[in-house]
Amino acid sequence: VPAGRRATLGYQLARTGAAERLGEGRLRYRVLLRPQATVLPDQAKVVVAAPSGWEFTALPAGARVDDQAEASWSGDLDREIELVFDLAKG
(Lines give C-alpha, C1' and ligand atoms only; values in the text may rest on other atoms or scores of the structure.)
Protein backbone atom coordinates (compact mmCIF):
# COMPACT_ATOMS: atom_id res chain seq x y z
CA VAL A 1 0.00 0.00 0.00
CA PRO A 2 1.55 3.31 -1.02
CA ALA A 3 2.40 5.85 1.70
CA GLY A 4 -0.56 7.99 2.71
CA ARG A 5 -3.10 5.50 1.34
CA ARG A 6 -5.52 3.16 3.09
CA ALA A 7 -6.44 -0.43 2.43
CA THR A 8 -8.70 -2.93 4.14
CA LEU A 9 -7.68 -6.54 4.35
CA GLY A 10 -10.08 -9.21 5.55
CA TYR A 11 -9.99 -12.96 5.57
CA GLN A 12 -11.66 -15.89 7.23
CA LEU A 13 -9.48 -18.43 8.99
CA ALA A 14 -10.65 -21.82 10.20
CA ARG A 15 -8.11 -24.17 11.76
CA THR A 16 -8.84 -27.60 13.15
CA GLY A 17 -7.19 -27.98 16.55
CA ALA A 18 -6.53 -24.25 16.99
CA ALA A 19 -8.09 -24.17 20.46
CA GLU A 20 -6.37 -25.48 23.59
CA ARG A 21 -8.38 -27.87 25.79
CA LEU A 22 -8.41 -26.67 29.40
CA GLY A 23 -10.34 -29.63 30.75
CA GLU A 24 -13.73 -31.17 30.29
CA GLY A 25 -15.96 -28.72 28.43
CA ARG A 26 -13.50 -25.80 28.40
CA LEU A 27 -11.45 -24.30 25.55
CA ARG A 28 -8.98 -21.43 25.15
CA TYR A 29 -8.36 -19.76 21.80
CA ARG A 30 -5.41 -17.38 21.39
CA VAL A 31 -4.76 -14.89 18.62
CA LEU A 32 -1.37 -13.18 18.37
CA LEU A 33 -1.28 -9.92 16.41
CA ARG A 34 2.10 -8.54 15.34
CA PRO A 35 2.28 -5.03 13.90
CA GLN A 36 4.39 -3.76 11.04
CA ALA A 37 6.59 -0.74 11.58
CA THR A 38 4.52 2.27 10.50
CA VAL A 39 4.29 5.97 11.36
CA LEU A 40 0.63 5.60 12.33
CA PRO A 41 -0.55 2.35 13.94
CA ASP A 42 -2.71 0.01 11.89
CA GLN A 43 -6.24 -0.76 13.04
CA ALA A 44 -7.21 -4.38 13.68
CA LYS A 45 -10.52 -6.14 14.19
CA VAL A 46 -10.74 -9.78 15.26
CA VAL A 47 -14.01 -11.75 15.38
CA VAL A 48 -14.12 -15.23 16.89
CA ALA A 49 -17.20 -17.45 16.41
CA ALA A 50 -17.99 -19.96 19.15
CA PRO A 51 -18.59 -23.54 18.01
CA SER A 52 -22.21 -24.68 18.20
CA GLY A 53 -23.14 -25.39 21.82
CA TRP A 54 -20.29 -23.32 23.28
CA GLU A 55 -20.28 -19.84 24.87
CA PHE A 56 -17.63 -17.31 25.81
CA THR A 57 -16.64 -17.16 29.49
CA ALA A 58 -13.66 -14.77 29.35
CA LEU A 59 -12.60 -12.18 26.80
CA PRO A 60 -9.62 -9.90 26.17
CA ALA A 61 -9.89 -6.37 27.57
CA GLY A 62 -12.08 -4.26 25.29
CA ALA A 63 -13.76 -7.24 23.58
CA ARG A 64 -17.53 -7.76 23.47
CA VAL A 65 -19.91 -10.65 22.82
CA ASP A 66 -22.98 -10.65 20.56
CA ASP A 67 -25.58 -13.20 21.73
CA GLN A 68 -22.82 -15.58 22.98
CA ALA A 69 -22.19 -16.64 19.36
CA GLU A 70 -19.41 -14.22 18.34
CA ALA A 71 -16.83 -12.21 20.25
CA SER A 72 -15.05 -9.25 18.70
CA TRP A 73 -12.12 -7.02 19.57
CA SER A 74 -10.86 -3.97 17.71
CA GLY A 75 -8.16 -1.43 18.36
CA ASP A 76 -4.81 0.07 17.44
CA LEU A 77 -2.14 -2.40 16.42
CA ASP A 78 0.72 -0.37 17.89
CA ARG A 79 2.44 -3.28 19.67
CA GLU A 80 2.29 -7.07 19.75
CA ILE A 81 -1.05 -8.08 21.25
CA GLU A 82 -2.20 -11.51 22.38
CA LEU A 83 -5.97 -11.93 22.54
CA VAL A 84 -7.27 -14.80 24.68
CA PHE A 85 -10.85 -16.08 24.38
CA ASP A 86 -12.10 -18.71 26.87
CA LEU A 87 -15.16 -20.83 26.07
CA ALA A 88 -17.26 -23.38 27.92
CA LYS A 89 -19.73 -25.97 26.66
CA GLY A 90 -23.19 -24.55 27.27
Side-chain angles (χ1 to χ4, degrees):
V1 178
R5 297 288 177 105
R6 289 188 132 167
T8 299
L9 171 67
Y11 62 93
Q12 185 173 0
L13 175 65
R15 288 184 43 213
T16 302
E20 170 189 1
R21 286 193 179 273
L22 299 177
E24 189 63 35
R26 294 177 50 227
L27 296 174
R28 175 166 289 154
Y29 184 72
R30 297 175 193 262
V31 178
L32 180 62
L33 302 174
R34 290 188 170 141
Q36 286 187 210
T38 60
V39 174
L40 299 174
D42 290 327
Q43 298 290 303
K45 180 175 182 180
V46 174
V47 179
V48 175
S52 180
W54 292 75
E55 57 187 46
F56 292 96
T57 58
L59 300 171
R64 67 176 203 276
V65 175
D66 299 323
D67 300 325
Q68 293 297 328
E70 284 188 348
S72 63
W73 175 92
S74 60
D76 288 340
L77 190 52
D78 56 358
R79 67 192 183 291
E80 185 173 284
I81 300 170
E82 182 180 45
L83 304 175
V84 180
F85 300 84
D86 286 351
L87 300 103
K89 196 149 190 144

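None of these values were measured; they are calculated from a predicted model. Hydrogens, waters and symmetry mates play no part in the numbers below; they use all other heavy atoms, side chains included.
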Problem set entry | Criterion side-chain contact (heavy atoms from CB on, under 4.5 Å) on Arg21 and Leu27, from CA distance to verdict | CA-CA 5 Å; Arg21 286 193 179 273; Leu27 296 174; 4.0 Å; yes

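In terms of heavy atoms, Leu77 sits closest to Pro35 at O-CB, 3.2 Å. Contact between Asp86 and Arg28 at its shortest, heavy atoms only, is OD1-NE, 2.7 Å. The shortest heavy-atom contact between Ile81 and Trp73 is CD1-CH2, 3.8 Å. Here the closest heavy-atom approach between residue Ala50 and residue Phe56 is recorded as CB-CE1, 3.7 Å. The minimum heavy-atom distance between Val47 and Ser72, with the atom names listed, is CG2-CB, 3.9 Å. For Pro60 against Val84, the heavy-atom pair with the smallest separation is CD-O, 3.2 Å.
Counted within 6.0 Å of CD on Glu80, heavy atoms from surrounding residues, nucleotides or ligands total more than 12; the atom is thus considered enclosed.
In this structure, Arg79 CZ and Arg34 CZ are separated by 14.5 Å, a value rounded to the nearest 0.5 Å. Arg30 CZ to Glu82 CD: the interatomic distance, rounded to the nearest 0.5 Å, is 5.0 Å.
Screening Arg64, Gln43, Lys45 against Ser74 for a side chain to side chain contact (heavy atoms under 4.5 Å, CB included) leaves a single residue, Lys45.
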